[in-house]
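Quick notes on the structure that follows.
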2 protein chains.
Amino acid sequence: MDKRSIADTRGRSQPRVKIEDVAREANVSPATVSRVLNHPEIVRPELRDKVMRHIANLSYTPDSAARALKSGRMRTIGAIVPTLALGIFAEGVEALQNRLSESGYTLFIANSQYNQRRELQEMQNLIERGIDGIVLVGGSHGRELRALVEQTGVPVITTYVSKAGGGIPAIGIDNERATREITEFLLSLGHVRFGAIANISPSNDRSRARLDGIQRALAEAGIRLQPTQVIRADYSLAQGRSALRQLLTDHPDTTAVICTTDTLAIGAMSEARKMGLSVPQALSITGFDDVELSSQVDPPLTTISIPAAEIGRGAADYLINAIAGRPVPKSVLLPYRLVMRSSTDSPRTAKRLPRRPR
Amino acid sequence: MDKRSIADTRGRSQPRVKIEDVAREANVSPATVSRVLNHPEIVRPELRDKVMRHIANLSYTPDSAARALKSGRMRTIGAIVPTLALGIFAEGVEALQNRLSESGYTLFIANSQYNQRRELQEMQNLIERGIDGIVLVGGSHGRELRALVEQTGVPVITTYVSKAGGGIPAIGIDNERATREITEFLLSLGHVRFGAIANISPSNDRSRARLDGIQRALAEAGIRLQPTQVIRADYSLAQGRSALRQLLTDHPDTTAVICTTDTLAIGAMSEARKMGLSVPQALSITGFDDVELSSQVDPPLTTISIPAAEIGRGAADYLINAIAGRPVPKSVLLPYRLVMRSSTDSPRTAKRLPRRPR
DNA sequence: GCTAAATCTGAAAACGATTTCATAAAATCG
DNA sequence: CGATTTTATGAAATCGTTTTCAGATTTAGC
């Protein structure tokens with residue numbers, strides 16, 4: 001007993017006020033208090049007000065564990081994003097969170113670090129904790145994860161893509177069409193010698209689709225990218241730099257570089273400057289995502305703007321409806337926007353590579 | 001009943017396997033299964049293995065609501081960050097998450113959007129959900145939040161600062177000393193005409209401390225910043241730009257600009273270039289945080305590097321220990337690092353403002 | 001003004017785990 | 001080898017809600 005009282009010193013100070021306490025205080029049954037909290041409309045107004053006053057007085061908050069145990073609902077949804085470091089996800093997540101909290105839901109965020117195993121693990125965590133719905137990013141998710149979704153029946157939606165495998169609904173843009181469009185734009189400016197910098201990885205189907213779009217548009221124009229004209233990179237500035245350097249080493253006559261990410265494009269642009277190539281006169285460069293920085297760099301970057309906030313809101317609405325058992329769309333395709341800024345122009349062969357005359 | 005079976009169509013597919021199911025299957029009591037899960041060492045090895053096999057077979061996962069209700073522990077900790085858009089927080093959060101998952105904890109992330117009301121609200125959410133510990137950012141948190149911490153006794157730690165109000169323990173760097181050091185560095189280069197760009201807001205004591213450091217170091221050198229030499233901004237690139245413009249309008253002879261954030265510094269730098277001022281010849285600029293971009297811009301930015309990963313790990317360790325009732329340090333002060341790159345140099349008055357001869 | 005229907009409220013049974021307490025089996029000892 | 005301690009297991013109480021079911025009260029109908 002002595003031991004216990006010592007331990008108490010650092011334990012929860014207050015003994016926690018329970019529904020029973022406010023019931024006693026308000027002279028009603030616990031059932032009534034519960035009803036005031038969950039179905040206010042079915043309890044007589046005066047009584048309801050009285051109970052509410054006592055709830056406030058004792059500053060009672062229901063124990064969510066008990067509540068979740070009994071009701072099976074957690075009023076919580078989870079989002080698993082590949083990384084927190086990217087502005088584009090941050091914007092979507094913040095919109096998601098705002099919309100959810102309007103509906104009384106709380107958002108928990110986990111990150112997978114672009115790793116499918118981690119993603120699965122976080123998913124299991126979330127499900128074990130009784131999450132009501134889950135937001136994923138991208139369409140490639142491994143068989144186990146899809147099985148888990150299937151088995152547990154938790155509503156799931158994936159974002160930033162227009163379709164996903166395994167019957168998981170999606171909300172996002174058509175990545176392939178977007179890069180097709182940006183490529184066609186460059187073609188229309190007169191470019192014929194292209195390079196691509198893409199951050200391809202097994203778990204990143206967005207970049208994969210973007211690269212496909214580039215290649216498809218070029219193919220339609222009768223141009224085929226050779227393997228050395230497609231440089232792989234992760235999503236850092238430094239990789240953008242080295243990718244550009246490598247590309248120009250192998251193909252010094254390149255006039256247009258299409259990147260699957262703004263970060264890569266910005267890295268490439270600063271490397272181009274360092275190499276003495278002016279953008280866009282000597283080299284046109286494009287990005288994807290339209291992060292804040294892209295409009296601020298010099299020259300401002302031509303890129304694709306993604307409706308991240310709408311994606312977040314749409315995902316929230318989808319899950320709220322799905323949880324409530326209301327009908328939901330199978331997938332939602334949102335429009336992207338090609339933002340033409342100053343990092344692209346017609347190729348001017350006269351000015352090519354001033355310091356490599358050959 | 002008919003209704004119910006229709007509803008079941010879209011509900012959880014499997015009826016959920018309970019502890020009782022695996023108990024029956026393994027010919028033991030539920031109590032034993034529970035012990036295998038929670039105190040494996042007290043059950044006979046062969047029996048334990050048998051039970052574990054059946055657990056795996058049925059792929060049983062304990063219902064965390066029931067578990068939390070009975071045991072009062074959730075094995076979950078929460079972090080409330082001001083924004084997800086900043087790389088510096090992302091790095092810390094990822095380290096936090098990694099360390100926590102090593103110890104069987106799950107991290108839930110919420111964001112307050114630099115808003116104390118939102119922070120309080122998220123905190124209440126977390127606590128209602130029975131979170132075991134909370135990580136905050138910065139030291140200024142409003143009376144209500146501190147009262148909540150006091151009242152519930154949830155272990156809390158705040159990060160990125162060296163001390164916080166209200167007895168909340170902290171892990172981080174001495175922001176004031178860091179800017180004092182960077183200011184002294186500029187003084188030692190010979191600068192005498194300073195400007196400061198700071199993202200001050202009521203909830204951001206980090207920037208406040210950083211600004212204090214600047215002013216203190218200057219005061220010690222006998223220099224006093226006038227109000228118009230201190231420009232307020234939020235944390236965007238665009239604001240960094242306009243802040244610099246305003247500063248140079250009022251004080252065209254400024255030679256050194258100290259920013260409380262890398263983002264502001266990079267914005268300021270690109271505005272300086274646009275105005276025809278070369279950095280560092282005409283103007284020295286410094287940042288704070290050392291984000292990835294800072295080493296990649298031209299010229300690379302002189303700044304303060306924060307041990308974000310260590311902060312994250314330290315916060316995790318603190319909470320794990322505190323929850324287990326082990327002794328914990330009151331506060332942890334971590335070293336920052338002054339990273340001298342090329343955005344700073346001695347002032348050269350000869351080259352001042354070439355296009356404003358006057 | 002009395003009966004029938006509608007509306008509220010309370011008592012008690014879940015929800016699925018953990019843990020105390022008691023008991024059965026095994027190990028230890030003289 | 002019997003008595004005693006130790007160890008391992010099971011039965012049942014419990015955590016704090018929600019919700020069903022039935023009873024009590026009010027309202028409506030004629």
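A note on names: the letters A, B, ... follow the listed sequences, proteins ahead of strands, and every chain is numbered from 1.
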B/Ala66 or B/Arg35: which one's nearest nucleotide on DNA chain C is closer to the 5' end?
B/Ala66
Taking any atom closer than 4.0 angstrom to a non-hydrogen atom of chain A, what span of DNA chain C does the protein reach, first nucleotide to last?
C/dC8 to C/dG16
Assess, by modelled atom type and distance only, whether the side chains of A/Asn98 and A/Arg313 contain a donor and an acceptor separated by less than 3.5 Å.
no
Atom of B/Gly314, atom of B/Ile171 and distance for their closest heavy-atom approach:
CA-CD1, 3.5 Å
When all nucleic acid strands are considered with a 4.0 Å heavy-atom cut-off, which category describes B/Leu37: base, sugar-phosphate, or nothing?
nothing
Atom-pair distance (NE2 on B/His39; P on D/dT7), nearest Å:
17 Å
Parallel, tilted or perpendicular: rings of B/Phe89 and B/Tyr160 (30°, 60°)
perpendicular
Can you identify which nucleotide, out of D/dT19, D/dT9, D/dT17, has its nearest atom closest to the A/Ser71 side chain?
D/dT19
For B/Arg67 and D/dG16, give me the distance from atom CZ to atom C1', rounded to whole Å.
18 Å
When rounded to whole Å, the CD to C1' distance for the pair A/Glu46 and D/dT26 reads 12 Å
Would you kindly give the CG-to-C1' distance between B/Leu69 and D/dC15, to the nearest whole Å?
4 Å
May I ask you to say what A/Thr32 touches in the nucleic acid, namely base, sugar-phosphate or nothing, with a heavy-atom cut-off under 4.0 Å?
sugar-phosphate
A/Pro45 vs A/Ala31, nearer the 5' end of DNA chain C by closest nucleotide:
A/Pro45
Pairs under 3.5 Å (Watson-Crick or G-U), crossing ones as [ ], inter-strand ones as |: DNA chain C comes out as ||||||||||||||||||||||||||||||
With a 4.5 Å limit on heavy-atom distance, are the side chains of B/Met123 and B/Arg118 in contact?
no
How about B/Glu102: does its CD atom have over 12 heavy atoms from other parts shown lying under 6.0 Å from it?
yes
Would you say B/Ser29's side chain and B/Ala31's backbone share a donor-acceptor pair under 3.5 angstrom?
yes
Hey, does A/Leu126 have a side-chain heavy atom less than 4.5 Å from the side chain of A/Thr76?
no
Specify the separation, in whole Å, of atom NZ of A/Lys70 and atom C1' of D/dT17.
8 Å
B/Ser71 side-chain N/O to B/Arg67 backbone N/O, donor-acceptor pair under 3.5 Å:
yes
Less than 4.5 Å apart, any side-chain heavy atom of A/Asn111 and any of B/Glu94?
yes
Name the nucleic acid region contacted by B/Val33, choosing base, sugar-phosphate or nothing; use a 4.0 angstrom heavy-atom cut-off, strictly under.
nothing
Hey, which sits more toward the 5' end of DNA chain D by its nearest nucleotide, B/Glu41 or A/Lys18?
B/Glu41
